[in-house]
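In what follows, a structure is listed as structure tokens, so that the remarks can point back to it.
To find a chain, count down the sequence lines: A is the first, B the second, and so on, and within it residues start at 1.
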Number of protein chains: 2
Amino acid sequence: MQLSQSTEYAIHSLFYLAVNNNRQTVLVSEIARAQNISESYLAKIFQGLVKAGLVRSYRGAKGGYHLAVPAEKITLKNIMQAVEGTSPIYTCDHDRRDCDFVVDCLITATMKKAEKKMYEILDKITLEKLIENAEELRNQMKWLDSIPK
Amino acid sequence: MQLSQSTEYAIHSLFYLAVNNNRQTVLVSEIARAQNISESYLAKIFQGLVKAGLVRSYRGAKGGYHLAVPAEKITLKNIMQAVEGTSPIYTCDHDRRDCDFVVDCLITATMKKAEKKMYEILDKITLEKLIENAEELRNQMKWLDSIPK
DNA sequence: TATATTTGGATAATAATTGTCCGAATTATC
DNA sequence: GATAATTCGGACAATTATTATCCAAATATA
């Protein structure tokens, strides 16, 4: 069970937007270039992010994208669900099987609980926190610069 | 992010095996019939379950499958990983991107933690527990029988 | 030997993901 | 108003993953 590459693109793109949130807008072409990924595909992903309410788009000249809400309100859970959807990781086809409802409900309930635990973690990490922690880490790693190339 | 149908098949099949663990062997054809799913496909899934060490196979006449370990040692996590593999839900292609290692490591670490929380729940539920709880639930629901058809 | 069964490999069908393209709509600027 | 710069939406294509089928070979029983 793996996240799609689209989710990875989205996370890094939104991080990029968060870092550049002081600018009026950022072009999708710039974001794609920064990550070395397909621009037209990333454009499609951004359409979804707009619909999900995570970014705002501005059409026309000087247009581009901007976070729709502050970076401290966007969590990894938000991004993940915006891209992957919100349907549960486990569902049972009650129709197909001569279904043992009791067992199935137990399994489904367990899966839901596990999923919830996962999202609880992901909901704690905001774009803002990522920026802060990254900055901190980078400072702590400055000694690396003293190593001669 | 959803589990494949194979995982659903595997869970229900192993539950079936656990319930019938008193018998010498159980045929894959029987298990497929019980769930109204494709026999040849389920056979493929069982090859994987054998490799993962969850079931033992017996070839030839009177052959079939049997749990390789007691039902109280097989968890939903075990089954899930046997079918879906163990690679992490999130990985970053460091090569493609002009990669910001620091940010990427933060994201990866968060994802790993979330994943771990999920598996902690799934690792607590064994086939045995499912059987016990299902039994209990069924007893509590016996009053349903008093409703006329 | 005949029968029953899993195994492993090849292959096909279907669905999901990833990626591309283009015309239309929108906005800023000259 | 004309032009240039963008996103939007839809259609489409390519690639990959999932689901499914089939068969010959291996193995076990009787």
Position toward the 5' end of DNA chain D (nearest nucleotide), A/Val28 or B/Gly63: A/Val28

Presence of A/Thr25 side-chain N/O under 4.0 Å of D/dT6 phosphate oxygens OP1/OP2: no

Say whether A/His66 and A/Asn20, considering side chains only, have a donor N or O and an acceptor N or O under 3.5 Å apart. no

Heavy-atom protein contacts under 4.0 Å, nucleotides 9-21 of chain D, coded B base, S sugar-phosphate only, - none: BBB-------BBB

From the set C/dA28, D/dA28, D/dT6, return the single nucleotide nearest to any side-chain atom of A/Lys62. C/dA28

Is it the case that the side chains of B/Glu72 and B/Thr126 hold a donor-acceptor pair, with the cut-off being a distance below 3.5 Å and no angle test? no

What integer distance in Å separates A/Leu49:CG from D/dT7:P? 13 Å

Taken to the nearest 0.5 Å, the spacing of B/Thr75 OG1 from B/Met80 CE works out to 10.0 Å

Can you tell me if CD on A/Gln140 sees more than 12 non-hydrogen neighbours from other groups inside 6.0 Å? yes

Rounded off to whole Å, could you give me the CD-to-C1' distance for the A/Gln24 and D/dA5 pair? 16 Å

Between atom NE2 in B/His66 and atom C1' in D/dA28, what is the gap in whole Å? 17 Å

What orientation do A/Phe46 and A/Tyr65 show, parallel under 30°, tilted 30 to 60°, or perpendicular over 60°? tilted

Which is it for A/Glu115 and A/Tyr90 under the side chain to side chain donor-acceptor pair (under 3.5 Å) test, yes or no, and what are the steps along the way? CA-CA 9 Å; A/Glu115 195 181 353; A/Tyr90 179 92; over 6 Å; no

What is the separation between atom CD1 on B/Ile31 and atom C1' on C/dT6, rounded to the nearest whole Å? 12 Å

A/Phe46 has an atom CZ; how far is it from atom C1' of C/dT20, in whole Å? 18 Å

NA contact type, A/Tyr58, heavy-atom cut-off 4.0 Å: base, sugar-phosphate, or nothing? sugar-phosphate

